[in-house]
Amino acid sequence: MGRDVPALTFTREDRRRYRIKMQQCLDALAQMLRESRFEAERPQVGLEIELNLVDDRAEPAMRNTDALEAIADPAWDTELGRFNLEINIAPRRLTEGGPDAWESEIRSALNHAEQRARSIGTHLIMTGILPTLRHEDVGEGALSENPRYRLLNDQIFAARGEDLHIEVTGIDRLRTYADTITPEAACTSTQFHLQVDPEDFAAYWNAAQAIAGVQVALAANSPFLFGKELWHETRIPLFEQATDTRPQEIKVQGVRPRVWFGERWITSVFDLFEENLRYFPALLPLCDDQDPAETLLRGDIPDLGELTLHNGTIYRWNRPVYAVSRDKPHVRVENRVLPAGPTVADTLANGAFYYGLTRALVEEDRPVWSRMSFSAAEDNLRTAARYGIDARLYWPGMGEVPAAELVLRRLLPLAHRGLELSGMDDAWREPLLGIIEQRCVTGRNGAVWQKEMFHHIDATAHCGRHEALRRMTQQYIDYMHLNAPVHTWPVE
């Protein structure tokens, strides 16, 4: 969905042409896979971080257009809500320059953006859901100006035919309705990209699915929404509901949701793109002029524009990506389960754990996905979103165990092994995975700190719920800039 689109309406002929073009793209992808035309010699990793904009009081600031003008860097872009921004960190080899180089690059970009945003009275915050966000902040007026968001909003509601129903029950209970998709803008995430050889894609995607619940348990950072204390990673159910094109009757019939974990382990990247075409009608049937078959016949590489646009409107927690870079096509796994923040240090630790663990699981003689049902992996994700680092998760050979115990006893050594196989020496691995280890030992991640700090302020200041959330958010921003991992943040 990362392309600009015009504001328009679609005809039945548009949809018919788009369906034909998507099939042509799928056929071209199949041919390219058969002929091994993909870049696989220099695999890279990438990172996207979505952020929130706040004012001096840590309240949402609807000024992303002004902030982008002030930042003046093409790596930054708008997101769905006027209080959102996104940065795309340039792709790199996993061990290129060491983690210090990657951390310096990310911190430099964020510090520059914060300095420029501050010049217009706004600030950046990395968190899964902005704690000070109110329901009235996500109305129609909060949609970003880019026409693609308005068009996407209109198409989702045309498919639904009724308002969105959002319901999440945690410590508190949230029940509300929305007449736009803007509540989705409350969900700000970290997205890790991993370029792989197409022959290895299925193994890496399966591994990413298998550990999605563990990732969320370790990194949960979204316990509040609209003043309610809900799940540790409320972003998961909110995103599922805020982009749902299905009215209730269609849900009952078993139609797949567009925010989707999936339903099976795969054997090829082709499986996922083929599922996209088979299960999901087009939201944005925009056709380009390129004929993928003729392009391949000339010896050139097709963009597969219709296939990639359609893929961008299906929100898998681990999404396949096809792209062309330097005239060479590649495929990658886009890992989308994690919230943003709390710090760059935490983000890189999460990345090291993900990249290392998936590599180790792919290298195992008996893959974990051959010993674990797909539904167990999905159940792990939902349990982790609800209970965070306190969740009990299933793992083959261990049964149902506390998430921290699973990581310390089984998965952290595997992550070390995977990074070692990727060429990262002990001096680089220890600081990164040490953060993961200490989160498990202390039982503290972003969600735990937010909840404890909120209740501390609420109990001592007697200032009202929103004011306690606001003060907590201001303290969060201060600690975020110190870049000390969240498990070290005090509650005082």
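Treat the numbers as computed from the prediction; the structure is a model and nothing was measured.
In terms of modelled atom types and a separation under 3.5 Å, the side chain of N380 and the main chain of Y394 share a donor-acceptor contact. Side-chain atoms of N146 do not come within 3.5 Å of backbone N or O of Y149 as any donor-acceptor pair. A side-chain donor-acceptor contact under 3.5 Å links W265 to the backbone of M372. No donor-acceptor distance shorter than 3.5 angstrom exists from the side chain of D163 to the backbone of Y177, with no hydrogens or angles considered. Looking at T358, its side chain never comes within 3.5 Å of a backbone N or O of Y204 through a donor-acceptor pair. Looking at T234, its side chain does come within 3.5 Å of a backbone N or O of S222 through a donor-acceptor pair. Proximity of a side-chain donor or acceptor of R63 to a complementary backbone N or O of T122 within less than 3.5 Å is not detected. T188 places no side-chain N or O within 3.5 Å of a backbone atom of A340 that could act as its donor or acceptor partner. Not a single donor-acceptor pair under 3.5 Å links the side chain of R444 to the backbone N or O of T488. Judged purely by atom type and a 3.5 angstrom limit, W449 uses its side chain to pair as donor or acceptor with the backbone of P490.
With respect to E145 and R150, no salt bridge is recorded, no charged nitrogen being found less than 4.0 Å from a carboxylate O. Salt-bridge annotation for E467 and R471: present, with a side-chain N of the basic residue lying under 4.0 Å from a carboxylate O of the acidic one. In summary, D66 and R116 do not engage in a salt bridge, as defined by a charged side-chain N under 4.0 Å from a carboxylate O. Ion pairing of R386 with E233 is absent here, as no side-chain N (NZ or NE/NH1/NH2) approaches a carboxylate O to less than 4.0 Å. The existence of a salt bridge linking R382 and E240 is confirmed by a sub-4.0 Å separation between a basic side-chain nitrogen and an acidic carboxylate oxygen. Checked for salt-bridge contact, R246 and D244 meet the test: a charged N lies under 4.0 Å from a carboxylate O. Ion pairing between a basic and an acidic side chain is recognised when a charged N comes within 4.0 Å of a carboxylate O; R173 and E167 show such pairing. Salt bridge absent: E405 and R392 never bring a charged side-chain N and a carboxylate O closer than 4.0 Å. Under a 4.0 Å N-O distance rule, the pair D346/R439 qualifies as a salt bridge. Ion pairing between a basic and an acidic side chain is recognised when a charged N comes within 4.0 Å of a carboxylate O; E334 and R316 show no such pairing.
Aromatic ring centroids of F261 and F374 lie under 6.0 Å apart.
Y279 carries R256 over the face of its six-membered ring, with the cationic atom under 6.0 Å from the centre and within 45° of the normal.
Atom CD of E452 sits about 10.5 Å away from atom NE2 of H456, to the nearest 0.5 Å. Note: L433 CG to W428 CH2 = 14.0 Å, rounded to the nearest 0.5 Å. The NE2 atom of H193 lies 3.5 Å from the CD atom of E48; values are rounded to the nearest 0.5 Å. Atom-to-atom distance recorded for L110:CG and I49:CD1 is 5.5 Å, nearest 0.5 angstrom. Taking CD of E184 as the reference point, atom OG1 of T243 lies at 5.5 Å (rounded to 0.5 Å). Here T245 contributes atom OG1 and I250 contributes atom CD1; the two are 9.0 Å apart, rounded to the nearest 0.5 Å.
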For a salt bridge (charged side-chain N to carboxylate O under 4.0 Å, His left out) check, start with the C-alpha distance between R118 and D56, then their side-chain angles and the critical distance, and finish with the verdict. CA-CA 9 Å; R118 193 179 300 157; D56 291 335; over 6 Å; no

For side chain to side chain donor-acceptor pair (under 3.5 Å), just list the numbers for N335 and Q215, CA-CA rounded to whole Å, side-chain angles, deciding distance to a tenth of an Å, and then say yes or no. CA-CA 10 Å; N335 179 248; Q215 288 182 274; 2.9 Å; yes

Checking S189 against E50 for the side chain to side chain donor-acceptor pair (under 3.5 Å) test, could you report, in this order, the C-alpha distance in whole Å, the side-chain angles of both residues, the deciding distance, and whether it holds? CA-CA 5 Å; S189 65; E50 298 168 351; 3.2 Å; yes

Side chain to side chain donor-acceptor pair (under 3.5 Å) assessment of Q450 paired with N221: CA-CA 8 Å; Q450 286 192 46; N221 196 30; 3.0 Å; yes

Please lay out, stage by stage, how N52 and N84 fare under the test side chain to side chain donor-acceptor pair (under 3.5 Å). CA-CA 5 Å; N52 289 288; N84 300 144; 3.2 Å; yes

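Residues T343 and T347 form no side-chain contact, since every pair of their non-hydrogen atoms from C-beta on lies 4.5 Å or further apart. By the 4.5 Å heavy-atom criterion applied to side chains, L432 and L348 are counted as neighbours.
Taking both residues in full, the closest heavy atoms of A447 and P223 are given as O-CG, 3.9 Å, listed atom of the first, atom of the second, then distance. Taking each heavy atom of T132 and P60 in turn, the nearest pair found is OG1-CD, 3.6 Å. The two residues L225 and L238 come nearest to each other via the heavy atoms CD2-CD2, 3.8 Å.
Applying the ring pair (Phe, Tyr, Trp, His ring centres under 6.0 Å) rule to Y387 yields no partners; only residues at least two apart in sequence or on another chain are considered.
For the residue pair E103/N483, the side-chain donor-acceptor check at 3.5 Å is satisfied.
Residue pairs meeting the ring-ring contact (aromatic ring centres under 6.0 Å, His included) criterion with at least one partner in residues 211-231, sequence neighbours excluded, are H135-F226, F224-F454.
Each of H481, Q474, E114 was evaluated against H123; a single residue qualifies, E114, per the side chain to side chain donor-acceptor pair (under 3.5 Å) test.
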